[in-house]
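Counting starts at 1 for both ligands and their atoms, in listed order.
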Amino acid sequence: MEQRLETKLGSLRLQSPLLTASGTSGSADELAGLGQRKAILDALGAFVTKGVTLAPRKGNPEPRIIETRAGILNSIGLQNKGVDRFLKEDLPKLRKYDRPIIVNISANTVEEYGALAGKVLDGDDGSVAGLEINVSCPNIKEGGVSFGIDPCAIEKIVKAVKAAVPRGRQVYIITKLTPNITDITVPAKAAIAAGTDALSMINTLRGVAIDIRAKKPYFANVAAGLSGPAVKPVGLCMVWDCFAKIPECRSQKVPIIGIGGISTWQDAVEYLLAGATAVQVGTAWFVYPDVFIEMKRGLVKYLEREKLTVSELTGKAHQ
Ligand SMILES: Cc1cc2nc3c(=O)[nH]c(=O)nc-3n(C[C@H](O)[C@H](O)[C@H](O)COP(=O)(O)O)c2cc1C
């Protein structure tokens with residue numbers, strides 16, 4: 001029955017289309033503390049790590065998260081221990097979970113992306129199945145404008161990361177797009193031209209909150225990232241557009257991983273119907289640690305009732 005849940009990202013076979021979204025499930029220790037760990041792992045197709053950078057990062061000053069009416073705003077600032085400690089301390093623990101590991105990488109220059117990808121893949125014992133490139137980072141060399149809105153920069157980053165893959169290694173390269181742009185198909189096509197294996201979308205949307213007592217922006221950096229149910233229609237629209245307008249996405253030569261506000265199995269089905277091959281769940285996981293277990297249960301029942309597989313659902317709403 002659970003075979004209906006299987007899906008494929010290129011050569012990467014996943015037992016389920018449900019993946020963790022980067023930055024919302026830590027890198028290893030956070031999962032270890034959960035009582036229902038085994039059932040959660042059974043529901044997962046792959047584990048996407050928190051964003052890793054070359055050097056350790058302290059992240060932004062507090063406050064870092066506030067609730068909105070239909071989600072959260074976060075300004076974590078990519079706090080992480082850096083790639084060396086990630087490889088030494090977290091990766092060995094992740095390997096024990098026996099799920100494909102996708103490492104999310106962030107950097108501030110094209111060269112740093114290449115160097116970081118090289119470091120992850122040189123030090124990983126072959127256990128990293130994929131890299132997810134977070135392009136929602138400031139381009140330090142070009143005055144801090146986000147790489148994600150610059151198709152030329154995206155092409156260079158994807159090429160630099162691909163060039164860092166050691167000869168003979170199969171590593172699945174996913175480019176994670178930002179929604180803070182008018183036409184998502186522009187960066188998507190740039191990533192495809194540079195040879196990305198898949199696209200994931202969306203990262204958080206820029207948003208602001210004001211503290212009315214202090215009469216000041218709530219976050220030190222003013223703008224933060226909006227996620228959760230409020231962003232679901234935006235994520236769905238971007239998946240829809242890429243599937244409808246980009247032949248490589250429509251043929252699933254370059255599959256789409258849908259992200260944004262997914263909290264229930266019905267949300268996941270909507271993303272699959274819009275054109276996603278798999279989905280990631282982020283903010284919902286903070287609210288209900290059982291979300292993956294419930295989503296898997298609901299999805300299996302739905303697929304059984306509809307006599308369909310996950311692969312057959314992908315893009316079906318376009319037919
Ligand atoms: C607290 C927090 C931290 C995040 N950290 C990262 C990160 O390190 N790298 C990344 O690519 N995306 C990061 N994201 C974005 C999520 O992976 C996801 O794209 C976004 O939250 C939308 O999905 P959701 O609505 O299911 O949360 C973060 C999101 C949150 C809420």
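In plain terms, the two heavy atoms of Lys58 and Arg64 that are nearest each other are O-NH2, 2.9 Å. Across all non-hydrogen atoms, the minimal contact from Phe147 to Ala153 is CD2-CB, 3.6 Å.
When each atom of ligand 1 is checked for a heavy atom of Leu78 under 4.0 Å away, the hits are 8 (O). Every atom of ligand 1 with a heavy atom of Ile76 under 4.0 Å away is listed here by number and element: 1 (C). Here is the list of ligand 1 atoms found below 4.0 Å of a heavy atom in Thr283: 24 (P), 25 (O), 26 (O), 27 (O). Those atoms of ligand 1 with a heavy atom of Gly261 less than 4.0 angstrom away are 24 (P), 25 (O), 26 (O). For ligand 1, the atoms closer than 4.0 angstrom to any heavy atom of Ala21 are 17 (O). Taking a cut-off of under 4.0 Å to the non-hydrogen atoms of Thr204, the atoms of ligand 1 that pass are 20 (C), 21 (O).
Contacts between Ile72 and ligand 1 below 4.0 angstrom, taking non-hydrogen atoms only, involve the side chain exclusively. Heavy atoms of Asn203 found under 4.0 angstrom from ligand 1 belong to the backbone as well as the side chain. By the criterion of a heavy-atom distance under 4.0 Å, the backbone of Ile202, and not its side chain, is placed next to ligand 1. Under 4.0 Å from ligand 1, the heavy atoms of Lys176 that appear belong solely to its side chain.
Taking only nitrogen or oxygen atoms, main chain and side chain alike, Asn104 reaches within less than 3.5 Å of ligand 1.
Closest protein heavy atom to atom 3 (C) of ligand 1: Gly23 O, 3.4 Å. Closest protein heavy atom to atom 26 (O) of ligand 1: Gly282 N, 3.0 Å.
Closest to atom 13 (C) of ligand 1 by heavy atom, among Pro229, Ser22, Gly235, is Ser22.
Not close to ligand 1: Ala284, with no non-hydrogen atom less than 4.0 angstrom away.
For the pair Lys245 and Asp183, the salt-bridge criterion is not met [side-chain N within less than 4.0 Å of a carboxylate O].
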